Participant: 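The structure is given below, and queries will be raised subsequently.
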Amino acid sequence: MKLDSQGRVTIPQRLREVVGIRKEVVVLGVRDRMEIWDGDTFARYEQSFEGAYQSGALDPRNPDRR
């Protein structure tokens with residue numbers, strides 16, 4: 001991954017179109033990688049799994065509990 005002179009990451013237009021990234025994004029550090037989500041897509045994901053995370057059924061700190 002290359003950063004520009006201001007420390008920004010540029011995601012090619014073709015890739016943004018393929019994965020559905022529009023304007024606003026959410027950047028997450030997940031173990032040894034970084035995930036970049038379209039903001040609206042991440043909000044829908046978070047909403048759909050909110051109960052599972054709250055109950056502990058999906059614990060992001062414990063990969064064995066899935």
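Heavy-atom basis, side chains included; hydrogens, waters and symmetry copies ignored. Here the structure is a predicted model, which means the values were calculated and not measured. In this chain, residues are counted from 1 in sequence order.
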Participant: Given side chains that start at C-beta, do those of I11 and I21 come closer than 4.5 Å, heavy atoms only?
Facilitator: yes
Participant: Please evaluate residues L28 and M34 with respect to the criterion side chain to side chain contact (heavy atoms under 4.5 Å, CB included), reporting the C-alpha separation (whole Å), side-chain torsions for both, the decisive distance (0.1 Å), and the verdict.
Facilitator: CA-CA 6 Å; L28 303 170; M34 180 175 71; over 6 Å; no
Participant: Quick one: ring-ring contact (aromatic ring centres under 6.0 Å, His included) pairs with a partner in residues 6-38, sequence neighbours left out?
Facilitator: W37-F42, W37-Y45
Participant: Just so I know, are the side chains of D38 and V19 near enough to count as touching, which here means a heavy-atom distance under 4.5 Å?
Facilitator: no
Participant: Under the rule for side-chain contact (heavy atoms from CB on, under 4.5 Å), what residues qualify as partners of D32, not counting sequence neighbours?
Facilitator: none
Participant: Regarding E35 and R33, does a basic nitrogen lie under 4.0 Å from an acidic carboxylate oxygen?
Facilitator: yes
Participant: If you count the non-hydrogen atoms of other residues, nucleotides and ligands that lie under 6.0 Å from CD in Q47, is the total more than 12?
Facilitator: no
Participant: Enter the distance from L15:CG to I36:CD1 here, rounded to the nearest 0.5 Å.
Facilitator: 8.5 Å
Participant: Holding to salt bridge (Lys or Arg N to Asp or Glu O under 4.0 Å), I want the full list of residues that pass it with R16, two or more places apart in sequence or in another chain.
Facilitator: none
